[in-house]
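Residue numbers start from 1 in every chain, and the chains themselves are labelled A, B, ... in the order their sequence lines are given, proteins ahead of strands.
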Amino acid sequence: MKVASWNVNSLKVRLPQVLEWLQEQSPDVLCLQETKLVDEKFPVAELAAAGYHALYHGQPTYNGVAILSRMDPENPRCDWPDGGDGQARLCAATFAGIRVVNVYVPNGQSLESDKYSYKLQWLERLQGLIASELAQWPQLLLVGDFNIAPDDRDVFDPVAWGEDVLCSPPERAALTALLDLGLQDSWRQRHGNLQEWSWWDYRAAGFRRNRGLRIDLILASVALLPKIQDVVIDRNARGAERPSDHAPVFIELQEER
DNA sequence: ATGGCGAAGGGTCTTCGA
């Protein structure tokens with residue numbers, strides 16, 4: 001099974017690229033972040049024509065997440081048990097017994113911002129949600145745009161970036177707390193000390209100069225670790241005409257037999 | 001050289017992203 005994650009920075013703009021990528025890579029599941037679409041405008045028909053079901057959870061202008069899948073999504077859920085806070089940043093479903101939780105973690109803006117404390121609160125709530133999901137589905141993938149570079153190997157210039165937002169100790173501790181539930185950063189696990197990025201700033205020729213961060217992650221529960229065949233960041237998509245600033249990331253799992 | 005791009009909504013600019 002192939003499960004992918006991609007922050008598309010507006011599905012309205014990026015739909016042609018998404019359809020092309022689905023055709024080219026044929027993932028079983030593609031989790032999207034920053035769709036920036038209200039549900040009424042989600043391109044259900046175009047994706048169905050490409051052979052994909054869609055579970056989507058949007059809002060006007062900001063955020064928005066979706067899960068596209070070959071299989072019908074089982075036990076779908078969007079947002080929190082209490083109904084959330086109006087920010088469409090989470091959806092989940094089960095495919096062939098594997099729970100896929102798709103998140104768009106708040107950016108945080110700066111350490112002084114209210115958005116930063118919201119980010120830390122959001123991550124703490126996510127920890128509770130993942131604990132309960134794991135209890136029900138030991139085979140779990142937590143994927144998405146985490147807006148956290150796990151450590152300095154995931155930053156093009158860690159000295160310049162320092163402990164600023166995306167790299168601050170409290171954010172990294174929140175990520176560690178998630179991992180401590182029984183998850184691993186699958187790309188890092190597979191690739192040792194390799195340095196690749198999943199996001200490059202639109203400004204300052206970030207992609208051309210390969211100045212980026214690895215903030216789009218696929219966390220796999222320990223029950224899935226023996227099944228991992230490969231984990232890939234597809235930087236080709238970032239070089240497209242009118243690209244998202246994020247590249248797709250995907251994991252390939254050995255099929256049950 | 002600390003700003004540079006891109007998207008959205010609304011409207012010729014502001015806010016946000018990371």
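Classification of the A:W199-A:H246 ring pair by plane angle, with boundaries at 30° and 60°, yields tilted.
Using a 4.0 Å heavy-atom distance criterion, A:D216 is classed as making no nucleic acid contact. A:R14 comes within 4.0 angstrom of the backbone, heavy atoms only, and of no base. A:D164 comes within contact range of no nucleotide atom at all, as no heavy-atom separation falls under 4.0 Å. Within the nucleic acid shown, A:F207 has no heavy atom closer than 4.0 Å to any nucleic acid atom. Residue A:Q109 is in base contact, counting any heavy-atom pair closer than 4.0 Å across all strands shown.
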Short N/O separations, protein against nucleotides 11-15 of chain B, under 3.5 angstrom:
none

Can you name the atoms? Protein N/O to nucleotides 2-5 of chain B N/O, anything below 3.5 Å, with the distance.
from: B:dC5; atom 1: O4'; to: A:Y202; atom 2: O; distance (Å): 3.4

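Rounded to a whole Å, the OH atom of A:Y118 is 14 Å from the P atom of B:dA18. Look at CH2 on A:W122: it is 13 Å from P on B:dA18, rounded to the nearest Å. Distance A:Y116 OH to B:dA18 C1': 14 Å, rounded to the nearest Å. At whole-Å resolution of the value, OH in A:Y104 and P in B:dC16 are 12 Å apart. Rounded to whole Å, the distance from CG on A:L166 to P on B:dG17 is 11 Å. Put simply, CG on A:L15 is 14 Å from P on B:dA7, counting in whole angstrom units. With rounding to whole Å, A:Q59 atom CD is found 12 Å from B:dA8 atom C1'. When rounded to the nearest whole Å, the span between CZ of A:R242 and P of B:dG6 equals 9 Å.
Residue pairs meeting the salt bridge (Lys or Arg N to Asp or Glu O under 4.0 Å) criterion with at least one partner in residues 216-229 of chain A, sequence neighbours excluded, are A:K227-A:E256. Identified under the salt bridge (Lys or Arg N to Asp or Glu O under 4.0 Å) test for residues 37-49 of chain A, with sequence neighbours left out: none.
The same atom, P, is picked in B:dT2 and in B:dT12; the two are 30 Å apart, to the nearest Å. Annotation: B:dC13 and B:dA1 have their C1' atoms spaced 26 Å apart (nearest Å). Comparing the same atom, P, in B:dG10 and in B:dC16 gives a spacing of 15 Å after rounding to whole Å. When the P atom is compared between B:dG6 and B:dA18, the two are found 16 Å apart, to the nearest whole Å. Atom P of B:dG11 sits at a distance of 13 Å from the matching atom of B:dT15, rounded to the whole Å.
The OG atom of A:S132 sits 8.5 Å away from atom CH2 of A:W137, with the distance rounded to the nearest 0.5 Å. Taken to the nearest 0.5 Å, the NZ atom of A:K119 stands 4.5 Å off from the CG atom of A:L166.
Taking 4.0 Å as the cut-off between side-chain N and carboxylate O, A:R190 and A:D230 count as a salt-bridged pair. Here A:R214 pairs with A:D185 in a salt bridge; the nearest charged N to carboxylate O distance falls below 4.0 Å.
Mapping A:S10 and A:N107 onto DNA chain B by nearest heavy atom places A:S10 closer to the 5' end of the strand. DNA chain B is contacted by both A:N7 and A:V13; A:V13 maps to the nucleotide lying nearer its 5′ end (nearest heavy atom per residue).
A search for ring-ring contact (aromatic ring centres under 6.0 Å, His included) contacts involving A:W21 returns A:W6, not counting sequence neighbours. Residues that satisfy the ring-ring contact (aromatic ring centres under 6.0 Å, His included) test with A:F207, not counting sequence neighbours, are A:W200.
Taking side-chain N and O atoms only, A:N147 has a distance below 4.0 Å to OP1 or OP2 of B:dA18. Contact check, A:H246 against B:dA18: a side-chain N or O comes under 4.0 Å of OP1 or OP2.
Counting heavy atoms from C-beta on, the side chains of A:W187 and A:L194 come closer than 4.5 Å.
There is a side-chain donor-acceptor pair under 3.5 Å between A:N7 and A:E34.
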